[in-house]
Asker: 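One structure, as structure tokens, below. Some questions next.
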Amino acid sequence: MRKKKALTMISPLLLTITLAVSGCGKSGEEPAAGKEGAASPAPTASAAPTDISVMLIQFTPESLPADNPILKEIEKRTNTKLKITWVPKNNFDEKVSVTLAAGDLPDMMQINSVFAPLVKQMAKEGAFWDITPYIKDYKNLSALPKDTWENSRINGKNYGVPRVRPLDGGGGLPMLRMDWLNKLNLKMPETMDELYTVLKAFAEKDPDGNGKADTIPFAGEVTTESMGRLAFVEQVYNGAGTWKLKNGKLIHTALEPGSRDALLWLSKAYKEKLLDPDLAIRKSTQTEELIMTGKSGATSGALNATWKYAEPLRKTVPEADIAPVTYLIGPDGKFSSKEGGFAGMFVIPKRVPEAKMKQILAFMDYGTSEEGADLANYGFEGTHYTKKDGFINSTEQATKDMVAQNVLGQMFTKFEKYSRAFLTGIPKDMYDRNIKVIDERAKISISDPSIGLESETYLKVGKDFDKKLQDLKTKIIMGKEEISAWDVMVTKLKADTDFQKIITEMNEAYQAKTSSK
């Protein structure tokens with residue numbers, strides 16, 4: 001276990017809310033006592049609850065009711081009154097952009113794209129609290145991994161509480177119907193050619209046994225600015241994401257031959273009907289539905305999604321199994337991406353008074369504790385889960401009460417190396433398999449060298465390049481443009497003053513960052 005940093009000072013306001021954070025459990029249940037980072041004093045009767053408005057992403061079909069027992073318990077233990085606006089996943093980023101542009105922000109707002117130009121610009125203009133000087137005052141927040149805090153900085157400062165995540169187990173490598181592989185006597189693919197062979201078999205050999213050639217081998221959508229669930233193809237062929245470190249310099253992978261090779265692979269796969277024909281217009285939740293209803297045999301995503309997709313399948317196909325590839329081999333060898341230790345952050349607008357800002361940080365400090373995070377993610381022991389040999393077995397009540405990592409676990413979470421392996425209800429054999437995949441990926445995973453770097457030119461025109469590039473990629477994949485159009489685009493990018501300036505500025509930022517360490 002990591003050594004926790006000591007709480008060096010406690011302001012009167014922080015002391016007030018810390019005393020308001022209770023270890024009390026549900027009526028008739030024992031509280032989560034004695035856990036590191038948990039607060040134990042009962043709420044003071046004289047302290048009025050702190051009203052906190054929050055914007056959160058919604059992964060579930062229905063939003064969490066305001067009278068949810070876990071939500072009410074969190075309010076009780078933190079002496080708060082929460083007003084949560086749940087925004088469906090499909091239009092969350094769009095809602096964030098509109099809300100930021102309008103300037104009418106809640107007290108605490110989830111932002112997925114920390115380095116989006118608008119977010120960076122607003123941070124620089126003082127729209128959010130710079131919480132850097134305050135972090136040391138909060139025991140659990142200050143104990144988060146150093147990489148989590150450093151990688152989520154904008155211009156060297158922390159403008160929000162990062163949503164802490166492990167370094168491995170996320171990313172977007174494929175996961176496939178293992179029961180279909182077994183039925184067709186195929187092994188888990190390790191190369192792009194082997195993956196192609198598997199997808200072709202899914203298309204032609206009737207893996208679901210319904211006698212119809214109606215399977216969509218790989219379900220994955222693209223967006224107007226990114227490759228979405230198909231990004232892994234480019235990553236494997238380039239051995240990197242958007243930016244690749246080559247001979248000590250950052251290279252934009254659009255200029256690398258790997259991006260061209262990836263487009264050739266994808267356009268061939270699309271032509272042979274191995275990809276979703278509606279990939280350009282499909283919403284993320286619609287893609288997930290293709291997997292969960294057995295209409296597709298593969299997609300990509302974080303490891304805990306293996307159970308998210310397998311659980312509904314097993315209601316009609318008991319042997320259904322979704323398993324992740326450990327890695328895929330490209331020109332540079334085995335590839336798996338290492339994340340930055342965070343998945344977005346919660347910003348607090350500067351309009352919030354300093355006193356309340358500190359109360360919000362104390363609230364999030366509790367959410368980062370073992371007690372707070374376990375309450376949000378697992379619920380009450382004995383009611384929502386039982387534990388045997390350290391493994392949490394969720395009950396039906398957990399499902400009824402929407403106790404899960406993709407609900408309140410989006411707000412409250414602690415750092416845990418294997419958190420990507422678990423999802424409420426996952427069988428132990430699937431969990432153990434995910435653990436092994438995480439351990440193997442950790443040996444080879446590649447970090448993104450561009451995390452935390454910024455380019456002034458990109459802030460101004462970078463999104464235009466992203467959209468132009470993605471528009472052309474989508475057209476090439478779908479056969480609306482030839483690969484020669486990509487060659488023309490690359491030639492133009494090499495001569496484009498703004499694009500080259502972005503590369504120069506990113507390299508300057510990279511050199512400044514590395515030389516300061």
Side-chain angles (χ1 to χ4, degrees), residues 52-58 85-135 141 144 147-165 170 223-226 228 231 241-243 284 339-352 357 360-361 364 410-411 413 448-467 470 498 502 505-506 509-510 512-513:
I52 303 177
S53 56
V54 186
M55 181 186 288
L56 276 178
I57 191 168
Q58 177 184 322
T85 299
W86 294 94
V87 181
K89 175 185 177 182
N90 283 341
N91 62 329
F92 182 79
D93 289 336
E94 179 183 354
K95 177 67 173 178
V96 167
S97 297
V98 170
T99 303
L100 289 175
D104 187 20
L105 280 63
D107 298 327
M108 189 175 81
M109 179 175 175
Q110 179 182 336
I111 289 178
N112 289 339
S113 302
V114 172
F115 306 117
L118 179 58
V119 176
K120 284 185 175 182
Q121 193 62 39
M122 290 183 68
K124 289 183 177 181
E125 292 174 355
F128 314 130
W129 272 99
D130 170 14
I131 66 171
T132 314
Y134 303 91
I135 297 170
L141 292 178
L144 293 179
D147 285 347
T148 297
W149 285 111
E150 289 188 350
N151 289 339
S152 59
R153 287 175 180 168
I154 298 175
N155 200 28
K157 299 178 180 179
N158 288 108
Y159 287 98
V161 177
R163 300 169 70 230
V164 64
R165 294 292 187 274
T223 73
T224 56
E225 297 178 9
S226 78
T242 303
W243 293 93
S284 180
E339 296 184 283
F342 70 103
M345 66 179 177
F346 287 100
V347 298
I348 305 171
K350 202 62 185 289
R351 65 159 181 79
V352 174
M357 177 273 293
I360 293 173
L361 289 183
M364 293 303 289
Q410 293 299 304
M411 180 174 67
T413 186
D448 180 355
S450 71
I451 291 179
L453 306 183
E454 62 179 65
S455 156
E456 287 295 330
T457 304
Y458 181 82
L459 290 176
K460 298 174 183 176
V461 299
K463 285 298 178 183
D464 292 334
F465 282 114
D466 292 342
K467 290 178 180 178
Q470 187 55 48
D498 284 336
I502 290 173
E505 290 171 354
M506 288 293 287
Y510 176 76
K513 179 181 179 179

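One-based numbering along the sequence shown.
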Asker: D107 side chain to S53 main-chain N or O, any donor-acceptor pair under 3.5 Å?
Answerer: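 Yes: the side chain of D107 pairs with the backbone of S53.
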Asker: Quick one: are V96 and N112 in side-chain contact, heavy atoms under 4.5 Å?
Answerer: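 Side chain of V96 against side chain of N112, heavy atoms only: no contact under 4.5 Å found.
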Asker: Rounded to the nearest 0.5 Å, what separates atom CD1 in I52 from atom CD1 in I348?
Answerer: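 Reported value, rounded in 0.5 Å steps: 8.5 Å.
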Asker: With heavy-atom distances below 4.5 Å as the criterion, would you say the side chains of F465 and T457 are in contact?
Answerer: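 F465 vs T457: side chains apart.
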Asker: Applying side-chain contact (heavy atoms from CB on, under 4.5 Å) between W129 and each of I360, V352, N158, L361, report the one that passes.
Answerer: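 Exactly one pass, corresponding to V352.
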Asker: How about K463: does its NZ atom have over 12 heavy atoms from other parts shown lying under 6.0 Å from it?
Answerer: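 Count over threshold, so yes.
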Asker: Tell me if a side-chain donor or acceptor on R351 pairs with a main-chain N or O of L105 at a distance below 3.5 Å.
Answerer: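 Side chain of R351 to backbone of L105, a donor-acceptor pair under 3.5 Å: yes, one is there.
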Asker: Short question: side chain of R153, backbone of G452 - any donor-acceptor pair under 3.5 Å?
Answerer: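 Not at all, since once roles are kept as given, no pair shorter than 3.5 Å links the two residues.
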Asker: Is there side-chain contact between F115 and E454, with at least one heavy-atom pair below 4.5 Å?
Answerer: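 Side chain of F115 against side chain of E454, heavy atoms only: no contact under 4.5 Å found.
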Asker: Verify, without hydrogens or angle tests, whether Q121 (side chain) and L459 (backbone) share a donor-acceptor contact under 3.5 angstrom.
Answerer: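 Side chain of Q121 to backbone of L459, a donor-acceptor pair under 3.5 Å: no, none is there.
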Asker: Look at the side chain of S455 and the backbone N and O of Y458, then say whether any donor-acceptor pair between them is shorter than 3.5 Å.
Answerer: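 Yes; judged by distance alone, with no hydrogens or angles, the pair exists.
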Asker: Is a side-chain N or O of T223 found less than 3.5 angstrom from the main chain of S226, in a donor-acceptor match?
Answerer: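 Here the side-chain-to-backbone pair exists.
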Asker: Indicate yes or no for a side-chain donor-acceptor contact from N151 to the backbone of G340 under 3.5 Å, with no hydrogens or angles considered.
Answerer: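 Yes, N151 side chain to G340 backbone: donor-acceptor pair under 3.5 Å.
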Asker: For a 4.5 angstrom cut-off between non-hydrogen side-chain atoms, does I154 reach M345?
Answerer: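 Yes - at least one pair of side-chain heavy atoms lies under 4.5 Å apart.
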Asker: Please report the C-alpha distance between K95 and T99 in whole Å, then the side-chain angles of each, then the deciding distance to 0.1 Å, and finally whether the side-chain contact (heavy atoms from CB on, under 4.5 Å) criterion is met.
Answerer: CA-CA 6 Å; K95 177 67 173 178; T99 303; 3.9 Å; yes
Asker: Is the backbone of L141 close enough, under 3.5 Å, to the side chain of W149 for a donor and an acceptor to pair up by distance?
Answerer: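 Present.
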Asker: Which atom pair, heavy atoms only, marks the closest approach of L56 to Q110?
Answerer: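 Scanning both residues, the minimum pair turns out to be CD2-OE1, 3.3 Å.
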Asker: Any sub-3.5 Å donor-acceptor pair from K157's side-chain atoms to A123's backbone N or O?
Answerer: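 No; zero donor-acceptor contacts below 3.5 Å.
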Asker: Determine whether F92 and M55 make a side-chain contact, defined as any pair of heavy atoms from C-beta on separated by less than 4.5 Å.
Answerer: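 Yes - at least one pair of side-chain heavy atoms lies under 4.5 Å apart.
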Asker: I want to check something: taking the side chain as every heavy atom from C-beta on, are V119 and V347 in contact at a cut-off of under 4.5 Å?
Answerer: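 No; the side chains remain at least 4.5 Å from each other.
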Asker: Would you indicate whether the side-chain heavy atoms of S284 and N90 approach each other to under 4.5 Å?
Answerer: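 Sidechains of S284 and N90: in contact.
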Asker: Are F342 and L144 side-chain neighbours, meaning at least one heavy-atom pair lies under 4.5 Å?
Answerer: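 Not touching, per the 4.5 Å side-chain cut-off.
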Asker: For Y134, check ring pair (Phe, Tyr, Trp, His ring centres under 6.0 Å) against everything at least two apart and list the hits.
Answerer: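 Not a single residue meets the ring pair (Phe, Tyr, Trp, His ring centres under 6.0 Å) criterion with Y134.
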Asker: Using 0.5 Å steps for rounding, measure from the CD1 atom of I131 to the CE atom of M364.
Answerer: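 Nearest 0.5 Å value for the CD1-CE distance: 9.0 Å.
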Asker: Could you tell me the separation between the CH2 atom of W86 and the CD1 atom of I57, rounded to the nearest 0.5 Å?
Answerer: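 Interatomic distance, W86 CH2 to I57 CD1, rounded to 0.5 Å: 10.0 Å.
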Asker: With sequence neighbours excluded, tell me which residues meet ring pair (Phe, Tyr, Trp, His ring centres under 6.0 Å) with W243.
Answerer: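 In terms of ring pair (Phe, Tyr, Trp, His ring centres under 6.0 Å), with neighbours along the sequence ignored, W243 is linked to H252.
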Asker: Give a yes or no on whether the backbone of R165 and the side-chain of E339 come within a donor-acceptor separation of less than 3.5 Å.
Answerer: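 It does not hold such a pair.
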Asker: How long is the gap from CD1 on I502 to CD on E456, to the nearest 0.5 Å?
Answerer: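 I502 CD1 to E456 CD: 11.5 Å, rounded to 0.5 Å.
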Asker: To the nearest 0.5 angstrom, please state how far the CD atom of Q410 sits from the CD atom of Q58.
Answerer: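 One finds 11.0 Å between CD of Q410 and CD of Q58.
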